[in-house]
Amino acid sequence: TASKATKTKVQKKQKARTAGRKRGQGTAGELAGQVGVITGGAQGIGQAIAYSFARAGADIAFTYFGGSEESHERAKDTAETIRKLGRRVVFAAVNATDESATEAFMKDVTEKLGRIDILVNNVGGADKVPPGGCAKQPMSYWRQQFEKNFFSAVAYSRFAVENMLL
């Protein structure tokens with residue numbers, strides 16, 4: 001049946017990934033041979049996660065907010081540090097609320113790094129609350145917050161899970 005075929009395909013893929021981790025693909029560490037994607041990975045918590053995963057042997061892909069030259073330089077510095085740890089890295093400025101941009105980034109990751117094993121949805125936060133407080137904000141403000149903090153995670157996760165399972 002189709003269900004058995006899908007289950008067999010998933011089991012084969014999981015076995016291949018496990019074999020890659022056991023071989024370590026030239027790198028010691030509990031994440032050796034894996035690919036980690038971190039949204040918002042150029043600074044703060046996301047950057048710390050990217051460095052930690054790279055030290056554990058994972059290749060890294062990360063997004064960053066490309067709103068300024070400073071953020072681009074920070075992303076380049078993050079990528080360089082990951083390369084110095086001996087890991088491959090893919091990074092791009094991505095508007096997390098743009099579904100086609102998130103999908104394009106994830107496709108680029110799978111083309112360049114081969115797959116996705118780990119996803120950390122780190123993008124988020126609240127925009128500065130204008131005068132009047134939360135109760136006075138129009139629904140457009142709240143929709144924007146949901147786009148960034150919820151729907152962006154859904155967009156990245158849908159692609160990642162599909163890649164992880166098939």
Side-chain angles (χ1 to χ4, degrees), residues 6-125 147-166:
T6 301
K7 185 176 179 181
T8 302
K9 190 175 183 180
V10 169
Q11 288 171 336
K12 284 181 181 178
K13 191 167 187 177
Q14 289 171 339
K15 187 175 181 180
R17 287 181 185 200
T18 303
R21 287 193 294 268
K22 287 179 182 173
R23 283 193 307 272
Q25 299 180 351
T27 305
E30 64 183 73
L31 298 180
Q34 295 191 49
V35 174
V37 176
I38 300 99
T39 65
Q43 65 182 12
I45 293 169
Q47 183 186 59
I49 293 167
Y51 290 163
S52 178
F53 286 3
R55 281 191 296 274
D59 290 327
I60 303 297
F62 69 89
T63 64
Y64 68 97
F65 179 70
S68 69
E69 184 60 32
E70 179 185 342
S71 66
H72 181 67
E73 289 302 316
R74 191 171 29 245
K76 286 184 354 185
D77 291 345
T78 300
E80 184 58 30
T81 299
I82 292 167
R83 284 187 191 101
K84 286 179 181 176
L85 292 168
R87 307 314 315 150
R88 296 180 299 160
V89 64
V90 172
F91 68 103
V94 178
N95 177 348
T97 65
D98 180 342
E99 186 177 345
S100 62
T102 61
E103 184 174 334
F105 174 74
M106 297 296 270
K107 284 182 179 180
D108 191 42
V109 171
T110 58
E111 288 171 9
K112 292 180 178 171
L113 300 179
R115 65 178 189 266
I116 298 167
D117 298 296
I118 304 163
L119 172 65
V120 178
N121 278 308
N122 179 60
V123 165
E147 284 290 329
K148 179 173 47 175
N149 292 293
F150 177 73
F151 289 114
S152 68
V154 171
Y156 282 109
S157 296
R158 286 176 58 201
F159 190 90
V161 167
E162 182 178 286
N163 182 267
M164 291 174 185
L165 295 178
L166 301 176

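What you are looking at is a predicted structure, and each value in this text was computed from that prediction instead of being measured.
Phe91 is linked by a ring pair (Phe, Tyr, Trp, His ring centres under 6.0 Å) to Phe62, counting only residues two or more places apart in sequence or in another chain. Remark: Glu103 engages Lys107 in a salt bridge (Lys or Arg N to Asp or Glu O under 4.0 Å) (not counting sequence neighbours). Applying the side chain to side chain donor-acceptor pair (under 3.5 Å) test to Tyr156 and every residue at least two apart in sequence or in another chain returns nothing. Legend: residues meeting side chain to side chain contact (heavy atoms under 4.5 Å, CB included) with Ala104, ordered by chain and number and at least two apart, are absent. Under the rule for a side chain to side chain donor-acceptor pair (under 3.5 Å), the partners of Glu73 that lie at least two apart in sequence or sit in another chain are Lys76. Remark: Ser68 pairs with Glu70, Ser71 by the side chain to side chain contact (heavy atoms under 4.5 Å, CB included) rule, at least two apart or across chains. Take Asp108 and apply the side chain to side chain donor-acceptor pair (under 3.5 Å) test, not counting sequence neighbours, and it matches Lys112. Partners of Asp77 under the side chain to side chain donor-acceptor pair (under 3.5 Å) rule, at least two apart in sequence or in another chain, do not exist in this structure.
Note: Ile82 CD1 to Lys84 NZ = 12.0 Å, rounded to the nearest 0.5 Å. The NE2 atom of His72 sits 14.5 Å away from the CZ atom of Phe65 when rounded to the nearest 0.5 Å. Asp59 CG to Arg88 CZ: the interatomic distance, rounded to the nearest 0.5 Å, is 4.0 Å. The line from CG of Leu31 to CZ of Arg55 is 11.5 Å long, rounded to the nearest 0.5 Å.
Contact record, Ala96 with Val123: CB-CG1, 3.6 Å, taken as the closest heavy-atom pair. Minimum interatomic distance between Arg115 and Val109 (heavy atoms only, all atoms of both residues): O-CG1, 4.3 Å. For Ala160 against Leu119, the heavy-atom pair with the smallest separation is CB-CD2, 3.7 Å. The heavy-atom pair separating Leu113 from Ala61 by the smallest distance is CD1-CB, 4.2 Å. Nearest heavy atom pair, residue Val94 against residue Thr63, reads CG2-CG2, 3.8 Å.
Using a distance-only test at 3.5 Å, with no hydrogens or angles considered, no donor-acceptor pair links the side chain of Asn122 to the main chain of Ile38.
Taking the side chain as every heavy atom from C-beta outward, Asn121 and Ser157 approach each other to under 4.5 Å.
Each of Val37, Asp117, Ile116 was scored for a side chain to side chain contact (heavy atoms under 4.5 Å, CB included) with Asn163, with one residue passing: Ile116.
Each salt bridge (Lys or Arg N to Asp or Glu O under 4.0 Å) pair with one or both residues in residues 90-100, not counting sequence neighbours, appears once here: Glu99-Arg158.
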List the atom pairs, with distances to 0.1 Å, where a side-chain N or O of residues 42-54 and a protein N or O form a donor-acceptor pair under 3.5 Å, not counting sequence neighbours.
| from | atom 1 | to | atom 2 | distance (Å) |
| --- | --- | --- | --- | --- |
| Gln43 | OE1 | Arg74 | NE | 2.8 |
| Gln43 | OE1 | Arg74 | NH2 | 3.0 |
| Gln47 | NE2 | Ala42 | O | 3.2 |
| Gln47 | NE2 | Tyr51 | OH | 3.2 |
| Gln47 | NE2 | Thr78 | OG1 | 2.8 |

